[in-house]
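This report refers to the structure that appears directly beneath it.
Residues take their numbers from the sequence shown, with the count starting at 1.
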Amino acid sequence: IPVDAFDIVLFGATGDLAKRKIIPSLYRRFLAGQMPAEARLIGAARSDLTDDSFRDLVRESLEEFVSAKIRDADMTAQFCDLCSYIAIDAKGDGGWDALKSSVRDEVTKAFYFSVGPNLFGPLSSQLREKGIACENSRLVVEKPFGHDLDSARKLNADLAASFDEDQIYRIDHFLGKETVQNLMAVRFANVLFEPLWNERFIDHVQVTVAETVGVGGRGSYYDDSGAMRDMVQNHLMQLLCLIAMEPPAAFDPDRLRDEKLKVIRALDPVPPADVVRGQYKAGPEGPSYTEDAENPDSLTESFVALKVGISNWRWKHTPFYLRTGKRMTRRVSEIVVQFKETPHSIFDREGTSAPNALVIRLQPDEGIELAVTIKEPGPGGMRLTTVPLDMTFADALGEDHIPDAYERLIMDVMRGDQTLFMRGDEVEAAWAWTDPIIDRWQEAGDKPHPYAQGSSGPEQALMLMHRDGRRWRDLD
Ligand code: BG6
């Protein structure tokens, strides 16, 4: 379904995220006929580029990040015609008049801040003061949304000075991933799961976001953040919320976000014994974390695992184990909902059966799998085995292109749908929970455990579950 004509002003248009994700996603929506030919992409950044040199950047981005199978020379030329560029001085006057005369009043206007958070305040007040933004304009802001609770509060206040909350779209791109949305469909559009979705039937939940990449190239940002700020406070927290929240009364922005907020507010503080930090060593895949970060004394974690408790009726005795890290054995993001054993087994349990588990794979091979125990075929007696009921989307739906998270999210901005974006109070609550964990490390000078590249993180992370008689699902 095409969206109405729009102007999207992309601040940070010459940056990495614009090149890797935002521009290619717009192009794919253009190919799909969803981005109308009356739409405009106005790149804005500090560099002094002409429209033509910006179009060259756009072309390079498409060549590098859009599969040649779907690229089309004619469509690329048409797409480039929709692109223009204005050099902007975020804190001064340069470029603002030109921007004002470029954006059209009669179409949806979206201002996309793909820039560091230090520019959110100055850019948003310029847009308001120069009369470029109006009541119907939308503001899209990228992560990181602050560094801690205080800075997030300040950012929220800065944005609120120029925009209303219902105009602000805070991106957490994990929410745009197809399987994450499917998690909600599975939970709330089937009668099967909801009655079992609580501490009586669920033993524990695991969330793993493992990456094979290191931090080379973005070491200075990362070294200031670490895995806790870069991944847990936002992406893993969002996943946890969607699994743990109560059913909202409707799939609408505020009802959904109210329920997520209640989960974050019910999270227990995490004692030191329930957190493991790691840092990758040098290995065949590349240099050590400290070399990548160009900080030989860095105590920043490139891996973190935590056991998280939720103090409410639904989850009181069901722990959530979260882990994420760089330079791990395989790129895999998945959620495992591990059900309990049957209360009583009538079989002698010969064979290899395991309790039910619902595995939600975000990437790769997006899909949902339910581990079910059946009888092993054959005359060998009542031997049980556990097999996956596999709902891999590409197979089940015949999809060969699962849209990138950004495609969905940018189109949601144009439709004015905030459901998959974070609200200001949610982000603050997430920082309020994360801050004490990080502060404690800093006060104690806590050293991360070294781990080998290509591994599943430090040994201590395995122990976090072993000591509870549980284990992480294998990564390979
Ligand atoms: C980003 C983090 O938000 O998410 C990166 O800053 C991380 O460190 C990335 O690599 C992971 O996203 P995806 O979509 O590749 O899983």
Side-chain angles (χ1 to χ4, degrees), residues 1-13 17-19 21-45 49-52 54-55 57-59 61-62 66 70-86 88 95-114 123-124 126-128 130-142 162-164 166-171 176 253 401 403-421:
I1 311 162
V3 300
D4 292 338
F6 59 82
D7 282 346
I8 181 167
V9 181
L10 178 56
F11 293 95
L17 188 70
K19 179 171 167 196
K21 294 286 182 186
I22 304 170
I23 296 172
S25 295
L26 277 167
Y27 177 72
R28 288 196 210 94
R29 289 296 91 205
F30 182 65
L31 290 182
Q34 203 177 23
M35 171 173 169
E38 298 76 37
R40 300 276 176 277
L41 165 64
I42 303 167
L49 298 183
T50 60
D51 285 346
D52 278 341
F54 178 59
R55 289 181 190 131
L57 283 186
V58 168
R59 247 180 239 107
S61 138
L62 303 183
V66 177
I70 63 167
R71 257 187 284 131
D72 172 281
D74 253 11
M75 293 297 274
T76 303
Q78 287 175 37
F79 182 77
C80 286
D81 282 346
L82 310 182
C83 301
S84 56
Y85 182 82
I86 295 174
I88 280 278
W96 293 98
D97 289 342
L99 183 59
K100 187 168 181 176
S101 51
S102 302
V103 289
R104 296 166 293 174
D105 282 336
E106 64 284 9
V107 301
T108 307
K109 285 192 273 191
F111 301 98
Y112 196 130
F113 292 178
S114 176
L123 288 175
S124 57
Q126 294 267 37
L127 286 169
R128 180 60 78 195
K130 304 259 175 350
I132 301 172
C134 59
E135 282 93 74
N136 312 326
S137 308
R138 295 167 197 163
L139 185 65
V140 187
V141 290
E142 269 297 338
S162 304
F163 290 87
D164 292 336
D166 64 7
Q167 297 180 278
I168 305 174
Y169 294 73
R170 294 177 195 77
I171 294 234
H401 168 64
D404 187 272
Y406 277 89
E407 294 179 47
R408 164 71 198 252
L409 294 177
I410 298 172
M411 289 303 117
D412 277 0
V413 172
M414 300 314 169
R415 289 190 203 99
D417 183 349
Q418 287 183 305
T419 312
L420 299 177
F421 296 84

Derivation of the side-chain contact (heavy atoms from CB on, under 4.5 Å) call for Leu82 and Met35: CA-CA 11 Å; Leu82 310 182; Met35 171 173 169; 3.9 Å; yes

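- In plain terms, the two heavy atoms of Asp417 and Pro253 that are nearest each other are OD1-CG, 4.1 Å.
- For Arg138, there are no salt bridge (Lys or Arg N to Asp or Glu O under 4.0 Å) partners, not counting sequence neighbours.
- Rounded to the nearest 0.5 angstrom, Leu31 CG and Gln78 CD are separated by 10.0 Å.
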Stepwise side-chain contact (heavy atoms from CB on, under 4.5 Å) check, Lys109 with Asn136: CA-CA 7 Å; Lys109 285 192 273 191; Asn136 312 326; over 6 Å; no

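- Using modelled atom types, no side-chain atom of Asp404 and backbone atom of Ser25 make a donor-acceptor pair closer than 3.5 Å.
- Around CG of Asp81, the count of heavy atoms belonging to other residues, nucleotides or ligands within 6.0 Å exceeds 12.
- Not counting sequence neighbours, the partners of Phe421 by the ring pair (Phe, Tyr, Trp, His ring centres under 6.0 Å) test are Tyr169.
- Across every non-hydrogen atom of Val107 and Ala5, the tightest pair is CB-O, 3.5 Å.
- Aromatic ring orientation, Phe11 versus Phe113: perpendicular (interplanar angle above 60°, classes split at 30° and 60°).
- To the nearest 0.5 Å, atom CE of residue Met75 and atom SG of residue Cys80 are 12.0 Å apart.
- Between the side chain of Tyr112 and the backbone N or O of Glu142 there is no donor-acceptor pair closer than 3.5 Å.
- For the atom pair CG of Asp52 and CG of Leu57, the computed distance is 11.5 Å after rounding to the nearest 0.5 Å.
- Under a 3.5 Å cut-off, the side chain of Arg408 and the backbone N or O of Pro403 do not form any donor-acceptor pair.
- Smallest separation of non-hydrogen atoms from Ala110 and Met414: CB-CE, 3.7 Å.
- Taking the six-membered ring for Trp and thresholds of 30 and 60 degrees, Phe79 and Tyr27 have ring planes more than 60 degrees apart, a perpendicular arrangement.
- Nearest heavy atoms, Gly33 versus Pro2: O-CB, 3.7 Å.
- Looking at Ile22 and Ser114, their side chains come closer than 4.5 Å, going by heavy atoms from C-beta outward.
- If you take CD1 on Ile171 and CG on Leu409, they are separated by 5.0 Å, rounding to the nearest 0.5 Å.
- Put simply, the side chain of Asp164 never gets that close to the backbone of Asp166: no donor and acceptor are under 3.5 Å apart.
- Thr108 places no side-chain N or O within 3.5 Å of a backbone atom of Phe6 that could act as its donor or acceptor partner.
- Arg55 places a side-chain N or O within 3.5 Å of a backbone atom of Cys83 that can act as its donor or acceptor partner.
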Pair Gln34-Glu407, side-chain contact (heavy atoms from CB on, under 4.5 Å): steps then yes or no: CA-CA 10 Å; Gln34 203 177 23; Glu407 294 179 47; over 6 Å; no

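- In this structure, CD1 in Ile42 is found 5.0 Å from OG in Ser102, a value given to the nearest 0.5 Å.
- Among all heavy-atom pairs drawn from Val9 and Ala44, the shortest one is CG1-CB, 4.3 Å.
- By the neighbour-count criterion of 12 heavy atoms within 6.0 Å, atom CD of Glu135 is sparsely surrounded, having that number or fewer from other residues, nucleotides or ligands.
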side-chain contact (heavy atoms from CB on, under 4.5 Å) assessment of Ile410 paired with Leu26: CA-CA 8 Å; Ile410 298 172; Leu26 277 167; 4.0 Å; yes

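- Residue Leu10 comes nearest to Ala18 through the heavy atom pair CD2-CB, 3.9 Å, listed as atom of the first residue, atom of the second, then distance.
- Summarising the geometry, atom CH2 belonging to Trp96 is positioned 4.5 Å from atom CD1 belonging to Ile88; distances are rounded to the nearest 0.5 Å.
- Shown here is Asp97, whose CG atom has no more than 12 heavy atoms of other residues, nucleotides or ligands within 6.0 Å.
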